[in-house]
Amino acid sequence: MKRFVFSVFLLFAVQTIYAQKVSVSTNVLGYAALGTMNMDVSYSISRRWSVVAGARYNPFTFRKGDPSAQFQLRQQSYSLGARLWPWHALSGWWCSSKLRYQEYNFGGIFSDEAREGDRVGLGLYAGYTHMLSRHLNLEFGLGLWAGVDFYRRYSCTVCGTTLGSGTRGFVLPDDFAVSLVYVF
């Protein structure tokens, strides 16, 4: 999956970049999720359509004072999708769909239990992009994603005692976004 996202990024990088075709954005609210770094790269392929590739990464583990007590929301996530812009690409209202892969490990936040695994799914999103200047936009968006979760549950974040594992379907809220977008 990493190679696929990297290949798509290289495909866009070798293309001749015309004005107002490429944007790079980061979701400011994403950093509130225990420091999850994120970036999306978008390329408009026509007046109403753009393709988008994104990544999220959070390697952080936090200690609660007791060396055996910790909490984390670690993840690496990659997505690839398309956006429909009813008026004009990179400004105004939009709706999109993304294929997404996520490797995660979280726990210790609301209970001592921890969970890790892999998720694969499809997301549906909608939002609005407000042009602040020629090269800077402010974007608002939200979405849902659904798919299959291959998981393992542990009794605590440190001990590693397995409570169970399995496969299940999921529907989760995703991308509560207030993003800063730089348009080339």
Joint hydrophobic cluster, [X] plus [Y], side-chain heavy atoms closer than 4.5 Å:
X      : Y      : answer
Tyr57  : Tyr31  : yes
Leu124 : Val171 : no
Val41  : Val51  : yes
Phe71  : Phe106 : yes

Looking at [X] and [Y], what are the two nearest heavy atoms and their distance?
X      : Y      : value
Val181 : Ser23  : CG1-CB, 3.6 Å
Ala82  : Val52  : N-CG1, 4.4 Å
Thr157 : Glu113 : CG2-O, 4.5 Å
Ala55  : Asp40  : N-OD1, 4.2 Å
Phe60  : Gly35  : CE1-O, 3.4 Å
Ala177 : Leu29  : C-CD1, 4.3 Å

### Given Trp87, Phe140, Trp85, Trp93, the one that forms ring pair (Phe, Tyr, Trp, His ring centres under 6.0 Å) with Tyr128
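It is Trp93, the one option of Trp87, Phe140, Trp85, Trp93 that forms the ring pair (Phe, Tyr, Trp, His ring centres under 6.0 Å) with Tyr128.
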Quiz question: by atom type and distance under 3.5 Å, do the side chains of [X] and [Y] form a donor-acceptor pair?
X      : Y      : answer
Thr129 : Glu139 : yes
Thr26  : Asn38  : yes
Gln102 : Asp118 : no

Does the side chain of [Y] come within less than 4.5 Å of [X]'s, by heavy atoms?
X     : Y      : answer
Phe62 : Leu34  : yes
Arg56 : Met37  : no
Val22 : Val183 : no

### Query
So, for His135 and Tyr182, is the gap between ring centers shorter than 6.0 Å?
yes
### Task
May I ask you to decide if Ala89's main-chain N or O and Ser50's side chain share a donor-acceptor pair within less than 3.5 Å?
no
### Message
Taking Lys98's backbone N and O only, do any of them form a donor-acceptor pair with Ser79's side chain (distance below 3.5 Å, no angle check)?
### Response
no
### Query
Charged N to carboxylate O below 4.0 Å: is that the case for Arg100 and Asp175?
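Looking at Asp175 together with Arg100, the answer is no, because their closest N to O distance does not fall below 4.0 Å.
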Side chains of residues 141-152: which donor-acceptor partners sit under 3.5 Å, not counting sequence neighbours?
residue, atom, partner, partner atom, Å
Asp149, OD1, Tyr104, OH, 2.8
Asp149, OD2, Tyr104, OH, 3.1
Arg152, NE, Glu116, OE2, 3.3

### Task
Under the side-chain contact (heavy atoms from CB on, under 4.5 Å) rule, what do Ile45 and Tyr43 come out as? Steps first, then yes or no, please.
CA-CA 6 Å; Ile45 56 176; Tyr43 181 78; 3.8 Å; yes
Spatial distance of atom [atom1] ([X]) from atom [atom2] ([Y]) [nearest 0.5 Å]:
X     : Y      : atom1 : atom2 : value
Ser97 : Tyr125 : OG    : OH    : 8.0 Å
Ser25 : Leu136 : OG    : CG    : 11.0 Å
Lys21 : Ser42  : NZ    : OG    : 11.5 Å

### Asn105 and its side chain to side chain donor-acceptor pair (under 3.5 Å) partner, picked from Gln75, Arg115, Gln72
Gln72
### Message
Just checking Asp112: does its CG atom have more than 12 heavy atoms from other residues, nucleotides or ligands closer to it than 6.0 angstrom?
### Response
no
### Message
Between Arg74 and Thr61, does the side-chain contact (heavy atoms from CB on, under 4.5 Å) criterion hold? Intermediate values first, please.
### Response
CA-CA 7 Å; Arg74 295 188 304 228; Thr61 298; 2.5 Å; yes
### Task
Given side-chain contact (heavy atoms from CB on, under 4.5 Å), test His88 with Leu90 step by step and report yes or no.
CA-CA 7 Å; His88 195 275; Leu90 305 180; 5.9 Å; no
### Query
Regarding Arg119 and the six-membered ring of Phe170, is the cationic atom NZ or CZ under 6.0 Å from the ring centre and inside 45° of its axis?
yes
### Query
Run the side-chain hydrogen bond (donor to acceptor under 3.5 Å, both in side chains) check on Arg153 and Ser165 step by step: do they pass?
CA-CA 6 Å; Arg153 288 181 35 234; Ser165 63; over 6 Å; no
